[in-house]
Amino acid sequence: MTSIEYIIDHSPALIIAIPLLGAFLTPLVSRLGSRIRNVFVIIVAMLTAFLVFLLASDVFSDGIRTYIFGSQDLTTPVVRILFEVDGISIFMAIISVLLSLLAAIYSWSFMKKYDGLDKYYTLLLLMTAGMLGMELTGDMFNFFVFLEITSISSCALIAFWTHKGEAVEAGFKYIVVSAVGALFVLFAVALLYGQYNALNIATLANTIQYSFLDKIAFVLLITALGMKAGLVPMHMWLPDSYSQAPSSVTLILVGATQASLYGVFRMCFTLYGGVFADGILSSMTVGWFIVVLALVTILIGVTMAIIQTDFKRLIAYAAVAELGYMFLGIGVGLTAMGTSYGKTALDGGVFHILNDALDVGLLFLVAGSIYYATKERDLDRMGGLARNMRYTSMFFIIGLLAVAGMPPMNGFASKLLIYESTYQLSPILSIIAILSSILLLAVFVKVFHSVFMGPELPRFRDVQEVPRSMLLAMGIIALIIIVIGLIPGIVVENIVQPAANSLVNHLDYISHVISIGGV
Amino acid sequence: MFDEIIYILLGIGVFFNILAGVGLLRFPDVYTRLHAGTKCTTFGSIFICGSVILVALKMWYQGGAEESVLALHTAIALIAILITNPTGAHAIARAAYRSGVKPAAAVVDDLKNKGRRKK
Amino acid sequence: MSEMSKIVRTIAAIVFPFIMIYGLYVIAHGHLTPGGGFQGGAIVASACALLLVAYGSMWTMRRIGEKRLSVFESIGAFFFIALALLGLFFGAVFFNNFLAGSSFLFGDIPMVGSNTGDMNTGGVLPLMNFAVGIKVVAGLFVIILVMAYASNHMEKKRGEKQG
Amino acid sequence: MSEIVLKTIVGTIVLALFGIIFGLLYKGIDRKLSAHMQARVGPPIRQPFRDVMKLFTKENVIPRHAIPWIFNLAPLAGLVATISILLYIPIGGFEPILSGSGDLILILYLLIVPSLAMVVGGFASGSPYATVGAQREMVTMIAYEFPLAIIIVSIAWKLNQLGNVDVFALSTITANPVWNTASGPLGIIGFAILLIVLVIVTPGELSKIPFDAPEAETEIAGGLLVEYSGRNLAMFYLTDGVKTVIMASLIVVLFFPYNLSNILGITGVYTTYALDLIFYLLKVFLVILFSVTLIRVGVARLKIDQIVYTYWIPLTLLSLVGLVFIMWDGFVTVP
Amino acid sequence: MFSIDTGSGFWNPILWVLVIIIAFLMMYILRSLGRKDYRKTTEQIKPFLSGNPELEKDKMHVRGSNLYWGFRESLKGFYNVLLKLHSGNTSDYILWFVVIMAIFFIIIGVI
Amino acid sequence: MSRRDMFAVVFFSIVCMFFIFSALLMHPFGSPDETDMDDMIIKNTQRETGANNGVTSVVFDYRGFDTLGEATILFTAVAGVVLLFRRMKET
Amino acid sequence: MISFIITTVICFITYLLLTTGSGTDVWIWSYEEILIGIILSLITGFIARNVFVKNNLRMLNPIRWLIFLVYVIGPFFVGMAKANIDVAYRVITGKIKPGIVRISPNLKTDLGITMLANSITLTPGTLSVDIDEDENDLYVHWINIKEEALKKKPVDYKYVCNGFPKWIRRIAE
Amino acid sequence: MIEFYNTLLVVLSLLLICILMAIIRIILGPTAPDRVVGLDTLNTIVVVGMVIFGAAYNLVIIVDVAIVYALLSFVSTLFIAKYLEGGRF
Amino acid sequence: MIFNIPFIAVAALIIIGLYAVIFRKNLIKTVIGITIIESGVNLFLITLGYREGGVPPIYTNLPEDVSIPRGMVLPVPQALTLTSIVIGVAVLALMLSLVIHIYRVYGTLDVRRIRRLRE
Amino acid sequence: MLLEYAHIVIPIFIVATSIFAVLLRDLLGAAVAVAAMSLLLSLEFYILQAPDVAIAEAGVGACLTTAILIIAIKATKRMEEEI
């Protein structure tokens, strides 16, 4: 066995272990000096990213991978924790690891002026580990544990600027919401455990009976994870925390929100997939519920975004609207389970996860750059910055076009998949999706005007372009956006469709555990 | 004989514990409640723990292997109670006085003058 | 006035080593009796909290210092994950109990069924207990220490503002 | 692969010229006709060509508060995006050059780009008048996009119900004219309603009276184009012309995709193409006449919140009624 | 290969970009036929304000919250309700969670 | 009682009802239906992990990864608290 | 250094008490337990050395421990029993006459005053409420004050805690 | 299961009554110190109850919990006391 | 036989906690509510793993007459609960530190006044 | 059996204390009630044969939770304010 194969074999464990190790060592390393610490953190993030890409290439070529912690042999029944990495898991992992790597790079200059940075970087790595754990795990309780890691670390990071009351308030709201949500997830896990004496997702999915208690567990899981993913009307924590966190943190928060969204995907399609597939519960019921909530999410997100005057809050509401598109994808995929357009909608939803992460992430980074340069977030007090910050404004235009789904950016590709499939369920869905997309465009044109356009304001005369590390992070995202926008077909075929297929084929997920001796 | 001793000790212990509860409910103010709550429970727990120790010793004598551990650990728990309880009571009493709870129907209150005397 | 009365202080000083040795006992016997790294750690941290409440946070901060505790926490966490990684290198997979049954230091298999318990069983479990123990002691105590210190600080500030 | 690339290159050049020439031509006709309706003589039909020529010879002023690179780029981007739409639209009997590479949704989005370019250009010019005009343009855009989306999705939905694939592709729509797909009177009424709505949407899309609040010359002195002059303004002028052609062709394609050659049964290759092209130009002319010229002459300008109201409440409701009619089409049949 | 096919439509960005490039070149040439120069120092680069005196730069800039006034005006009722719902109260956040949970319970449990 | 409270009470009572239902529908207290996984752990704990304490063997061996997560959470919380109070310590 | 050793030894003894019956190698302990116990005691001793022992090595004398045991089992336990019967009487009848009095037991050491305070808390009708840090005077809450005790101030400690201070002086000073 | 099982259980049920009384004091307690007194009493009784449970089940090892509680309940009492006497932490 | 009282207690605890979060106006009450929910969930997990007449799954000094495995309570829920308790402490500590900060800035703990972020 | 009544009575106690933890206006009283609840919960864990969890809950609930709550109350405000 060559060493690279050895690494690939153990990469699911290492993907979690390395950021954790990095996080535990960061307080020690930071005693050596701030530059060494930054380099250390970036190296850890890059190593993690490298492992994720290795694993991804393996998963996309060879199918589902299972990693059992503690012992090689899987006994019947499954007693040990196992990681089960399929298409959607690794798809989400790629997004998370990309975002955290970019955040680490972006933080180099962005956070330079503040104190408490060793803890900041520790929490950054912990958050990465938490998201990756949520996405790769195949065990319900482990999912809960990583959910908590993610939410606690992100809460602390949201409240990073403690001298501002708003940041603390946002952090408190976030922690209340996520604590309640996580507790209900735990309650649902306990309900499932009490009935089937199993914690493994595959085992549970194999034996689930859909009794009344299972219904309650389902409701709790979907609602709690939906809240953590920002489903309207449980989205109100989202603009608060997104807007008050430092921008580099907001970038990862996008990933954390999407990890919760992944939870919804996993619960709907894998854990309760058999229930839907066998028709015990009509997927219409749940699907339409999610579809309606998704439409409300899109509409409220975008209409609230239009009237905001705080830059980051506005983007946060736009992010809510974008989340609605993903939920629309899930909902239609669930409602029309088995049809081709349902599959297309699911593809679109999954693809949009990637695009949303990039687009909204880029916009948040731009907002952070503006804040870095001008110490200003109020749209009413800005103007004329396109003169001094040419690169930033270019990146903003790219982000604007992408988030509004204008061709040829990546947002258009995924939205096209959603528009051209959801109309078959009901034309209204498509119509509202299209309309909201235009509204999003309007929202960002407003931002574009009030931040970058207009006469040069005297107080911004000395504004400089932001340092190189920030430009680098934004540039990487912009590049990825354009590349994905130009070759959407390749991306959809090679990454998105395997991910969506792994959601639909819940039997594969189950049988993979059976085939290695479990259940 | 041995068994009877155990029963008697248990009886005393429970009697004092219940007494503590009643005293806790009946007395008029914090300090007197502390009298009941601390003293009686401590005393009661001495007896109950003592009887448990006796039970364990008896079983050890009868051939149980590990009951000595039970006896020892119970004794340690008892000692812990004995050390901590009066201190806790003292702390509460002092805190109560400082937080402004005056002893109800007090005949004499020397503590009132403490701060003044220092000046 | 950040100390409690003399009685409390004396008792705290007397009780402290006993609670601490008891907590360490709980940590060390995690694989035999109820308890383990976390429980024992919580007990030791409570012992430290006892000192904190009896002597005040300034005193405790001078004695221990939050930086040193943070380092201890990092070390504990590092040992824990390092043990897990050793499982990958010596055993086969992450978190493998590679010492169990290897008849090395902690590697015996106990008599199956009820027994009085040997210290040197359980593979890496006792080591992990200690690692988690260190971590939990440092972690929980840092939480209390920092919060107490901050509350003290705020109280002082409030007093300054009023007076 | 190389064949389609070649076709694309040639098609782009040809269609760009076609679009510009016919756009200006229709503009001239429109002006002449409206003058006649208002009992004026009006300019000659070639007047728009002259205007463009004159603009090219004028100074291209970049105002002080403008951001030059955006200010200059916006007109160009708008014109380019508009021209690219032409490649997706079937003109007469010609298949669209990029028929397999884009669909109605794409056109919907590409139609936004010229307006967006105008908006961005307006914002970039740094003048309050232009800013107000630009934001009005944006609001108008939001407003008319709702009924437009309903129309497009309804047609696609109907076609999909009939079992077609690629329903968003214009080639599919031209192959199945909407009037033929309706299985009863309800469907016909529904499509008629949609047609009416689309006709009302068109002036909004082209910023013509009564939806020309962005360029209201009496209030904000030309609106978002106030700072533009010279060749940049010429670019916008051309954009407007091409866009007029495109909107009209869209109506033609969606609702009147009939070709004269099919009706008359003519088979010759060249004659077919020529006949269809001429018939197509005629259809476009008629559409422009009804949806631009007549409306422009007939009514007065609306306030900006009235525009939103008009598009979002009456027109949206109307088009939703049309959608409902189309959806219920199969259930209600004439005995 | 480069295009995505949704089953109801398609989109090939590469060809579109090709079109854009060619058209851009053409139009750029057309544009460069026009006159480029202007007198940079004269009054003509001042923003056109119908002859009104030029304001301060801060006031010249239309503020972000003033944009889309018409949109907000025409949807006033909707926004009033919406803003009331976004109360910023932590308890309300959890309340909405409970509400959705209750509705979902009823949908799943009763149906 | 404000309108919000009335609104809340209605939905809150529905949720309460469902929780009580679920409590009533649980398996009878003290007799879990299905215990395969745990029986297996109880039977094998001494042999596989060498520890007498079943719970510890679950915590550190069978579900050791959860414990890593738990330790991480504590670490996270500590880092968070220290981060939040960093300004207070300076003065 | 000496404090370190003392703490370590005491901790080790405690540890041995806790782990009785762990084996048969050394009477009822096993080698491993003793080894681990030594290590843990060293750790504890190191950490707690300055807290536990405060420049006062009087308590090393084993005779003092003997006296302490005698004290606890003899007068202290009797006093405690009396106290409880007294409290039982008060609880049942509800007759109380409380007050806070000051006594001067004249004990010098911290340990002594602590022991006395705890003894007082556990014995007849009294509860130590506060302590004068400078003069080691105790303020005692007395549930049933005797009239004759109030004549002299501070109150003679004999009324409150019969002979305890004497015992304690023997133990702790 | 030992020979004193039933006796110990009777003792236990009586202790539950004591617990009830302590809880009533916690609930009623007009001032905070009263509540703390109730808590303190509750602590002691629960420790005793744990000891008795351990003896009744004849499970030696679980008596450890009682020791933990006996030692640690003291700390929480001290914290509350310190708050009440107005000291800074 | 005893009619699932512990399960109902679990439901009651969760409901009480939710009540505290939704209806009480004080932030510390909110925090206490979350603690109560968490206690309820912990109790639920442990109750799930209880087997009537079982003993803890610990082999040290085990009485001889226990049948294995049916005579022991389930170990996994206990392990889960341990994790959950630690998480509870972590969350509690973080929440309370945030509460302290909020009080520092806003000078109040009333939920209705702590809403600078809205709309 | 008598022991089963413990499983009825102690949960009721837990619920009672938790209710008062929520209802008391004095936050210190609430903290005391939470401590009592935690204590009873620990007892319940104990009689549910989970000594490990009981120790953890004892260590955390009896000491640390109360300590943190008290510190927080000290740093903020003791009484719930009324508006």
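Keep in mind that the numbers below use all heavy atoms, side chains included, and drop hydrogens, waters and symmetry copies. Chain identifiers are assigned alphabetically (A, B, ...) following the order of the sequence lines, protein sequences preceding nucleic acid strands; residue numbering begins at 1 within each chain.
- Here H:I52 contributes atom CD1 and B:C49 contributes atom SG; the two are 7.5 Å apart, rounded to the nearest 0.5 Å.
- B:I18 places none of its side-chain heavy atoms less than 4.5 Å from the side chain of H:I17.
- Most heavy-atom pairs under 4.5 Å with chain B: of the set H:I24, H:T31, H:T41, H:L71, this distinction falls to H:T41.
- Of the two parts of B:A56, neither the backbone nor the side chain holds a non-hydrogen atom closer than 4.5 Å to a non-hydrogen atom of chain H.
- Two residues are said to be in side-chain contact when any heavy atoms from C-beta on lie closer than 4.5 Å; H:L12 and H:F53 meet this criterion.
- Highest contact tally toward chain B, considering only H:I19, H:T77, H:V11, is held by H:V11 [criterion: heavy-atom pairs under 4.5 Å].
- The part of H:V63 that comes within reach of chain B is its side chain, from C-beta onward, which places non-hydrogen atoms under 4.5 angstrom from that chain.
- Annotation: maximal heavy-atom pairing with chain B below 4.5 Å, among H:A22, H:P33, H:P30, occurs at H:P33.
- Interface check for chain H: of the options B:I76, B:N85, B:I83, B:T42, the most heavy-atom pairs under 4.5 Å are formed by B:N85.
- Centroid-to-centroid, the aromatic rings of B:F47 and B:F43 come within less than 6.0 Å.
- Of the listed residues (H:L59, H:V48, H:I62), the greatest number of heavy-atom pairs within a distance under 4.5 Å of chain B belongs to H:V48.
- Under the 4.5 Å side-chain criterion, counting only non-hydrogen atoms from C-beta, B:V22 is in contact with H:M21.
- Interface remark: of the candidates B:L25, B:L34, B:V14, B:V52, B:L25 forms the most heavy-atom pairs closer than 4.5 Å to chain H.
- Although no hydrogens or angles enter the test, the distance criterion places a donor-acceptor pair under 3.5 Å between the side chain of H:R35 and the main chain of H:I26.
- Between chain H and the options B:L19, B:T38, B:D3, B:D29, the largest number of non-hydrogen pairs under 4.5 Å is found for B:D3.
- Residues B:R33 and B:L24 have side chains in contact (heavy-atom distance under 4.5 Å, counting atoms from C-beta outward).
- For B:L78, no part sits under 4.5 Å from any heavy atom of chain H, backbone or side chain.
- Only the side chain of H:L78 comes within less than 4.5 Å of a heavy atom of chain B; its backbone N, CA, C and O stay farther away.
- In this structure, the side chains of B:R98 and H:L84 stay at 4.5 Å or more apart for every pair of heavy atoms.
- For B:I48, the part sitting under 4.5 Å from any heavy atom of chain H is the side chain, from C-beta outward, and nothing else.
- Here the CD1 atom belonging to H:I67 is positioned 7.5 Å from the OG1 atom belonging to B:T74, to the nearest 0.5 angstrom.
- Looking at B:V30, the atoms closer than 4.5 Å to chain H (heavy atoms on both sides) sit in the backbone and in the side chain alike.
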